[in-house]
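All values below come from the heavy atoms of this structure, side chains included, with hydrogens, waters and symmetry mates left out.
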Amino acid sequence: MIIIDSVASLRKQLGDWRMDSVRIVLVPTMGNLHEGHLKLMDEARLHGERVVASIFVNPTQFCEGEDFLGYPRTLEKDTSQLCSRGVDLLFAPSRS
């Protein structure tokens with residue numbers, strides 16, 4: 001599995017796949033994956049030749065009083081789970 005953390009690198013990889021007319025499916029997540037997320041990866045595989053998962057804990061998805069800093073960040077475990085499901089690329093950018 002390819003792991004990318006920058007938009008420029010993601011655009012390059014997706015561009016390469018698009019040049020080969022590969023169908024790409026994105027499954028966006030905030031990480032802390034569970035079986036429901038993993039089933040989405042399996043479903044994505046049925047619809048495309050390349051499966052891309054993203055993990056980004058988006059601060060704009062939290063309302064005032066919700067615990068953005070306390071949201072579980074389990075990137076190592078998530079990466080292992082995605083790899084075992086045959087995901088082709090993980091986009092895990094930093095907040096910046």
Nearest atoms (heavy-atom pairs only) where [X] meets [Y]:
X   : Y   : value
T29 : L33 : OG1-CD2, 3.7 Å
P59 : V57 : CD-O, 3.3 Å
F62 : D67 : CE2-O, 4.0 Å

Let me see the working for R18 and I24 under side chain to side chain contact (heavy atoms under 4.5 Å, CB included), right down to the final yes or no. CA-CA 8 Å; R18 287 183 182 125; I24 303 163; 4.0 Å; yes

Are the side chains of H37 and V27 in contact, using a 4.5 Å heavy-atom criterion? no

Going by atom type alone, with no hydrogens or angles, which donor-acceptor pairs under 3.5 Å involve a side-chain atom of residues 4-11 and a protein atom two or more places apart or on another chain?
{"residue": "S6", "atom": "OG", "partner": "S9", "partner atom": "N", "Å": "3.1"}
{"residue": "S6", "atom": "OG", "partner": "S9", "partner atom": "OG", "Å": "2.9"}

Exercise answer: donor-acceptor pairs, residues 44-55 side-chain atoms, under 3.5 Å, sequence neighbours excluded:
{"residue": "R45", "atom": "NH1", "partner": "E49", "partner atom": "O", "Å": "2.9"}
{"residue": "R45", "atom": "NH1", "partner": "D88", "partner atom": "OD2", "Å": "3.2"}
{"residue": "R45", "atom": "NH2", "partner": "G86", "partner atom": "O", "Å": "2.5"}
{"residue": "R45", "atom": "NH2", "partner": "D88", "partner atom": "OD2", "Å": "2.8"}
{"residue": "H47", "atom": "NE2", "partner": "E43", "partner atom": "OE2", "Å": "3.0"}
{"residue": "E49", "atom": "OE1", "partner": "R23", "partner atom": "N", "Å": "2.5"}

[X], [Y]: one ILVMFWY side-chain cluster at the under-4.5 Å cut-off?
X   : Y   : value
L75 : F56 : no
M30 : F91 : no
L82 : I2  : no

Please check this pair: side chain of D20 against backbone of V22, looking for a donor-acceptor N/O pair closer than 3.5 Å. no

Ignoring hydrogens and angles, tell me if any N or O in the side chain of S84 forms a donor-acceptor pair with the backbone of Q81 under 3.5 Å.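 It does hold such a pair.
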
Give a yes or no on whether E35 atom CD has more than 12 heavy-atom contacts from other residues, nucleotides or ligands under 6.0 Å away. yes

